[in-house]
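Below: the structure, in structure tokens.
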2 protein chains.
Amino acid sequence: MKLYDSTMAPNPRRVRIFMAEKGVTCDNVQIDIIKGENLSEEFLAVNPRGFLPTLVLDDGTVIDETVAICRYIEETHPEPPLMGTDPVSKAQIEARQRHMEFDGLLGAMDAFRNSFPGFASRGLGGNVGTIDAIPALSERGKTMVLKYYETLNDHLAGSKFVAGDAFSVADITALCTIDFATAAARVPIPDACEDLKRWHGEVSARPSAQA
Amino acid sequence: MKLYDSTMAPNPRRVRIFMAEKGVTCDNVQIDIIKGENLSEEFLAVNPRGFLPTLVLDDGTVIDETVAICRYIEETHPEPPLMGTDPVSKAQIEARQRHMEFDGLLGAMDAFRNSFPGFASRGLGGNVGTIDAIPALSERGKTMVLKYYETLNDHLAGSKFVAGDAFSVADITALCTIDFATAAARVPIPDACEDLKRWHGEVSARPSAQA
């Protein structure tokens with residue numbers, strides 16, 4: 001397998017951590033999104049939408065979306081399970097993983113993309129042509145991220161993990177969201193979010209977090 | 001089971017169609033999002049995020065997210081399969097379903113929420129407090145929807161369905177996106193998108209589309 005990857009971006013990191021938790025390795029091709037390499041003719045021939053990560057199987061099959069890649073790895077390498085083991089746990093983990101995306105990651109991406117000078121005409125990711133950044137959307141994104149931190153902190157006051165009682169894909173999405181929101185969107189975790197900070201320290205200490 | 005539903009909104013319709021394709025029925029509770037019933041104390045006690053649809057199982061378990069509900073139904077009622085049957089088809093359908101969300105549905109929601117007068121201080125869905133609408137985001141959303149129509153039209157020129165060679169959850173998301181974009185965001189399918197119109201006519205003729 002070959003993973004088209006971009007070290008600094010949150011979505012490829014989600015897949016790298018997911019694979020590391022499973023002990024799965026593959027070839028790695030770095031694509032620099034800041035330089036626009038994801039919009040090059042060469043990469044668009046692999047993934048016409050221009051998004052990373054993208055996984056290419058040995059038979060040439062392309063899986064071009066973050067959670068879909070995780071699904072493929074989960075199905076082909078079931079242990080340890082990261083997406084649930086029965087109908088209810090599968091649904092609950094999927095729900096929590098999507099909360100992390102829609103409540104947190106989208107806000108962090110809005111905050112970054114609509115304030116980073118290099119993306120002034122790339123207000124949306126992928127192969128969508130010129131889209132002007134919207135400064136007010138950057139501010140809204142920061143507001144969303146702060147609400148997300150508070151809500152997740154409340155959850156983690158009573159739970160060791162983001163979904164259920166074991167580490168899952170929902171923890172991976174949350175970790176990548178928070179590290180991206182902190183580093184790129186510049187919204188640090190407030191000191192008052194002590195349970196979120198405790199959880200963040202624990203998941204960051206897992207070897208997979210270095211992937 | 002009990003489904004908290006809102007007839008006019010696209011996400012609850014995705015679940016209703018999914019269940020209809022499976023022949024699954026359940027109790028139905030209508031919540032009026034326009035009137036803000038999803039933010040009432042009563043509903044927030046069921047789903048603190050304030051989103052619809054929400055499914056409550058007979059043992060009281062709450063599944064509070066659209067695709068997670070579909071996952072639960074798929075796992076408990078496998079026939080006919082709507083989310084794939086092997087690692088590659090599961091991944092490919094999930095990828096396509098998420099393309100429909102991120103390329104189309106998010107844009108349609110941005111277009112509607114940020115221009116509808118009743119949502120001037122509810123620029124984001126759910127229980128997030130006062131968020132001002134951003135008019136420029138409504139315009140961006142319309143641009144996204146038009147690009148989405150064109151890209152999906154190109155795909156359907158060579159395919160009968162949105163993902164693979166059978167009707168799937170990806171078709172359901174696309175149908176609900178397009179009908180919402182047309183009716184609420186007021187972005188009709190351009191006449192030039194003949195393959196998209198042909199597909200739309202076919203999936204709209206399925207009995208499940210009336211759910």
Side-chain angles (χ1 to χ4, degrees), chain A residues 48-49 51 54-55 57 59 61-77 83-84 86-99 101-103 106-107 110 114 123-129 131-137 139-140 143-144 147-148 151 154-155, chain B residues 48-49 51 54-55 57 59 61-77 83-84 86-99 101-103 106-107 110 114 123-129 131-137 139-140 143-144 147-148 151 154-155:
Chain A
R49 289 172 72 250
F51 278 105
T54 296
L55 185 70
L57 307 185
D59 70 357
T61 299
V62 176
I63 305 174
D64 68 356
E65 203 281 329
T66 303
V67 179
I69 295 172
C70 294
R71 182 80 52 194
Y72 176 78
I73 301 296
E74 179 84 355
E75 291 284 329
T76 52
H77 300 78
M83 301 175 95
D86 59 83
V88 168
S89 67
K90 287 180 182 181
Q92 298 290 33
I93 289 171
E94 180 143 7
R96 292 296 289 156
Q97 122 83 16
R98 287 170 61 89
H99 296 174
E101 291 183 324
F102 286 92
D103 297 353
L106 286 187
D110 279 348
N114 293 279
L124 284 169
N127 184 23
V128 290
I131 300 284
D132 288 341
I134 300 175
L137 188 55
E139 294 308 310
R140 179 195 280 185
T143 301
M144 280 181 70
K147 287 178 189 286
Y148 168 72
T151 304
D154 289 346
H155 174 83
Chain B
R49 291 172 71 250
F51 279 105
T54 297
L55 185 70
L57 307 185
D59 69 358
T61 299
V62 176
I63 304 174
D64 68 357
E65 204 281 329
T66 303
V67 180
I69 295 172
C70 294
R71 182 79 52 193
Y72 176 78
I73 300 298
E74 179 84 356
E75 291 284 329
T76 52
H77 299 79
M83 301 175 96
D86 59 83
V88 168
S89 69
K90 287 180 181 181
Q92 298 290 32
I93 289 171
E94 181 143 6
R96 292 295 288 156
Q97 123 81 16
R98 286 171 61 88
H99 297 173
E101 292 183 323
F102 287 92
D103 297 353
L106 286 188
D110 280 347
N114 293 279
L124 284 168
N127 184 23
V128 290
I131 300 284
D132 288 341
I134 300 174
L137 187 55
E139 294 307 310
R140 179 196 279 186
T143 301
M144 278 182 71
K147 286 179 188 287
Y148 167 72
T151 304
D154 289 346
H155 174 83

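In what follows, chains carry the letters A, B, and so on, assigned in the order in which the sequence lines appear, proteins first and then strands, with residues in each chain numbered from 1. Heavy-atom basis, side chains included; hydrogens, waters and symmetry copies ignored.
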Just give me the residue among A/Thr76, A/Leu55, A/Thr143, A/Val88 that pairs up with chain B most often, heavy atom to heavy atom, under 4.5 Å. A/Val88
Just how far is it from atom CE of A/Met83 to atom CZ of B/Arg71, taken to the nearest 0.5 Å? 7.0 Å
Is there a side-chain contact between A/Val128 and B/Met144 (heavy atoms, below 4.5 Å)? no
Structural part of A/Glu74 lying under 4.5 Å from a heavy atom of chain B: neither
Relative to chain A, which of B/Asn114, B/Ile73, B/Asp86 shows the most heavy atom pairs under 4.5 Å? B/Asn114
Check whether any side-chain heavy atom of B/His99 lies under 4.5 Å from a side-chain heavy atom of A/Asp64, and answer yes or no. yes
Decide yes or no on side chain to side chain contact (heavy atoms under 4.5 Å, CB included) for B/Leu124 and A/Lys147, but give the supporting numbers first. CA-CA 12 Å; B/Leu124 284 168; A/Lys147 287 178 189 286; over 6 Å; no
Select, from A/Val62, A/Val67, A/Thr66, the one with the greatest count of heavy-atom pairs under 4.5 Å involving chain B. A/Val67
Heavy atoms only: give me the nearest A/Gly123-B/Arg140 pair and the separation to one decimal. O-NH1, 3.5 Å
Residue B/Ile69 versus chain A: region with a heavy atom under 4.5 Å: neither
Donor-acceptor pair, side chain of A/Glu65 and main chain of B/Ala91, under 3.5 angstrom: no
Quick one: do B/Arg98 and A/Glu101 make a salt bridge, cutoff under 4.0 Å? yes
Report the C-alpha distance between B/Arg49 and A/Thr151 in whole Å, list the side-chain angles of each, state the deciding distance to 0.1 Å, and finish with yes or no for side chain to side chain contact (heavy atoms under 4.5 Å, CB included). CA-CA 10 Å; B/Arg49 291 172 71 250; A/Thr151 304; 5.9 Å; no
Let me know if B/Ile134 has heavy atoms under 4.5 Å from chain A in its side chain, its backbone, both or neither. both
Who wins among A/Gly84, A/Ala95, A/Gly126 for the most heavy-atom pairs under 4.5 Å with chain B? A/Ala95
Sort A/Ile131 into side chain, backbone, both or neither according to what part of it lies under 4.5 angstrom from a heavy atom of chain B. side chain
Distance from A/Phe51 atom CZ to B/Asp103 atom CG, nearest 0.5 Å? 6.5 Å
If I measure from the heavy atoms of chain B, does A/Ile93 come under 4.5 Å with its side chain, its backbone, both, or neither? neither
Side-chain contact, heavy-atom cut-off 4.5 Å: B/Glu94 with A/Ile63? no
